[in-house]
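Counting starts at 1 for both ligands and their atoms, following the listed order. Everything numeric in this text was worked out from a predicted model, so none of it was measured.
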Amino acid sequence: MIVNERCTAYINSLNSGNTPFLNEIEKSARQTWVPIIRKETQTLLKFLLAEHKPGTILEIGAAVGFSAILMAQYSDASITTIENYDVRIPIAKENFEKSGFKDRIKLLEGNAEEILPALTESYDMIFIDAAKAQYPYYLEEAKRLLKKGGLLVADNCLQDGDVFESKFAVNRRNRTIHKRMRDFLYSITHDADFSASVLPVGDGVTLAVRI
Ligand SMILES: C[S@@+](CC[C@H](N)C(=O)[O-])C[C@H]1O[C@@H](n2cnc3c(N)ncnc32)[C@H](O)[C@@H]1O
């Protein structure tokens, strides 16, 4: 938890809720330890969708489809989402089918590192929420694939606070992620082609507009 727990609990108590189907997926995901965006990140995403009105969205990291369905629910966008975990892919497909948004959500099955270089379309919004150690690489691809004026959103950028701790306070297993995430944050905040802001929302969210 990056922000004081009481503050987060209070902000989340103001959350006006989602559709019953999204609630169902969220509940099942939490019960089965599938990592999905936190409540406060959901609220931020809904706000961004209302403000930015993307026509096309690329998501890296679908899991069981919760955030893709949320983005379809709260925008008119066509969404392309990528997932490589074979256990989650059939669940995501079933959820897309049941959501009623199957025609607006395309699932690309496989490793993002192999799929991204083959994409040629430009997107109005890109949501990065997959392998944390790959964020510097996703940034390079996002820069190539995002339209000018497009919005980049990246979740889990502060890694429950590990990212702003000394590397010696981070366990060995997480040090690579810690370093790569710091590299990502430095790159995006110092790239003249982006205007970026790192927010302590949820697990840390970076917002950036492609200039
Ligand atoms: C945090 S979860 C995504 C949650 C989802 N965005 C949501 O909020 O509903 C990250 C997902 O990215 C997937 N992933 C990790 N590395 C990947 C890669 N290299 N290519 C494709 N998917 C990947 C994982 O299997 C996992 O399901």
Side-chain angles (χ1 to χ4, degrees), residues 2 12 15 18-19 21-49 54 57-75 77 79-99 101-102 104-119 123 125-142 145 151-160 162-163 173-174 176-177 180-181 184 201-207:
I2 299 158
N12 284 340
N15 186 309
N18 290 324
T19 61
F21 185 58
L22 279 166
N23 291 340
E24 202 184 297
I25 307 175
E26 184 176 27
K27 189 172 167 206
S28 156
R30 306 253 183 250
Q31 282 168 349
T32 51
W33 303 99
V34 175
I36 61 167
I37 49 170
R38 298 182 189 181
K39 283 268 179 228
E40 52 276 32
T41 312
Q42 295 172 28
T43 308
L44 177 63
L45 216 44
K46 287 191 228 173
F47 165 80
L48 293 169
L49 292 165
I57 300 175
L58 172 66
E59 175 183 67
I60 310 172
V64 293
F66 176 81
S67 53
I69 295 170
L70 180 135
M71 292 192 285
Q73 181 75 47
Y74 294 98
S75 77
I79 299 162
T80 300
T81 183
I82 305 173
E83 177 57 50
N84 70 344
Y85 188 17
D86 53 8
V87 173
R88 292 185 184 151
I89 288 169
I91 306 173
K93 281 182 175 168
E94 193 185 330
N95 285 335
F96 295 151
E97 183 82 46
K98 286 189 192 159
S99 70
F101 296 120
K102 192 173 161 263
R104 277 204 285 132
I105 304 176
K106 181 163 79 176
L107 177 65
L108 302 179
E109 301 171 31
N111 189 338
E113 283 85 282
E114 284 160 25
I115 291 173
L116 288 168
L119 297 181
Y123 297 88
M125 176 171 164
I126 298 182
F127 179 41
I128 300 178
D129 192 20
K132 308 312 160 197
Q134 297 304 325
Y135 274 34
Y137 170 70
Y138 298 151
L139 177 59
E140 276 175 42
E141 287 296 324
L145 293 167
L151 176 67
L152 187 144
V153 181
D155 195 18
N156 307 112
C157 291
L158 296 176
Q159 291 285 291
D160 266 326
D162 275 0
V163 164
R173 203 176 66 85
N174 288 333
T176 305
I177 296 176
R180 300 255 183 100
M181 195 56 85
F184 165 82
V201 172
D203 194 23
V205 176
T206 299
L207 302 183

Check for me whether Gly110 has a heavy atom closer than 4.0 Å to any atom of ligand 1.
yes

Min over Ala131, Ala68, Ala133 of heavy-atom distance to atom 15 (C) of ligand 1 lands on Ala131

Quick one: do Lys93 and Glu97 satisfy salt bridge (charged side-chain N to carboxylate O under 4.0 Å, His left out)? Show the steps, please.
CA-CA 6 Å; Lys93 281 182 175 168; Glu97 183 82 46; over 6 Å; no

Restricting to non-hydrogen atoms, name the atom on Ile82 and the atom on Gly110 that form the minimum distance, rounded to 0.1 Å.
CG2-O, 3.6 Å

Is the closest heavy atom of Tyr137 to ligand 1 under 4.0 Å?
no

Backbone or side chain, does any N or O of Asp129 fall under 3.5 Å from an N or O of ligand 1?
yes

Centre of Phe96's six-membered ring, under 6.0 Å away, within 45 degrees of the axis: is that where NZ or CZ of Lys102 sits?
no

Between the main-chain N or O of Glu83 and the side-chain N or O of Arg88, is there a donor-acceptor pair closer than 3.5 Å?
no

Go through ligand 1 atom by atom and flag the ones less than 4.0 Å from a non-hydrogen atom of Ala62.
5 (C), 9 (O)

Please report whether ligand 1 has a polar contact with Asn156, defined as an N or O pair separated by less than 3.5 Å (distance criterion only).
no

Passes side-chain hydrogen bond (donor to acceptor under 3.5 Å, both in side chains), Glu59 versus Ser67? Steps please.
CA-CA 9 Å; Glu59 175 183 67; Ser67 53; 2.4 Å; yes

Under 3.5 Å: N/O of Tyr85 near N/O of ligand 1:
no

With nothing but distance in play, are any N or O atoms of Phe127 less than 3.5 Å from an N or O of ligand 1?
no

Among all protein heavy atoms, pick the one closest to atom 18 (C) of ligand 1 and tell me residue, atom and distance.
Asn84 ND2, 3.4 Å

Backbone or side chain, does any N or O of Ile36 fall under 3.5 Å from an N or O of ligand 1?
no

Residues Leu145 and Leu116: closest non-hydrogen pair is CD1-CD2, 4.2 Å

Shortest protein heavy-atom distance from atom 7 (C) of ligand 1, along with the residue and atom involved
Ser67 OG, 3.0 Å

Should Asn95 and Glu24 count as side-chain neighbours, where that means a heavy-atom distance under 4.5 Å?
no

As an exercise, identify every atom of ligand 1 less than 4.0 angstrom from a heavy atom of Asn111.
18 (C), 19 (N), 20 (N)

What atoms of ligand 1 come closer than 4.0 angstrom to any heavy atom of Glu113?
19 (N)

With respect to Ile37, determine whether any N or O atom, backbone or side chain, lies less than 3.5 Å from an N or O atom of ligand 1.
yes

Sub-3.5 Å donor-acceptor pair from the side chain of Tyr135 to the main-chain atoms of Arg180, do we have one?
no

Ser75 side-chain N/O to Met71 backbone N/O, donor-acceptor pair under 3.5 Å:
yes

A student checking ligand 1 against Glu59 at a 4.0 Å heavy-atom cut-off should list atoms 6 (N)

How far is atom 20 (N) of ligand 1 from the closest protein heavy atom, and which atom is that?
Ala112 N, 2.8 Å

Which pair of heavy atoms, one from Arg30 and one from Ile36, lies closest together, and at what distance?
NH1-CG1, 3.5 Å

Can you name the atoms of ligand 1, numbered from 1 with element, that are less than 4.0 Å from a heavy atom of Phe66?
9 (O)

Would you mind checking which non-hydrogen protein atom is closest to atom 11 (C) of ligand 1, with the distance to 0.1 Å?
Glu83 OE1, 3.5 Å

So, the side chain of Glu40 versus the backbone of Val201: is there a donor-acceptor pair under 3.5 Å, distance only?
no

Pro54 vs Leu49 side-chain heavy atoms within contact, under 4.5 Å
yes

Indicate whether the side chain of Lys132 and that of Asn174 have a donor and an acceptor atom separated by less than 3.5 Å.
no

Under a heavy-atom criterion of less than 4.0 Å, does Gln134 contact ligand 1?
no

Considering only non-hydrogen protein atoms, determine which one is nearest to atom 26 (C) of ligand 1 and report residue, atom name and distance to 0.1 Å.
Arg88 NH1, 3.2 Å

Where ligand 1 meets Tyr138 - atom numbers and elements under 4.0 angstrom, heavy-atom basis:
18 (C), 19 (N)

Closest to atom 2 (S) of ligand 1 among protein heavy atoms sits Pro35 O, 3.3 Å

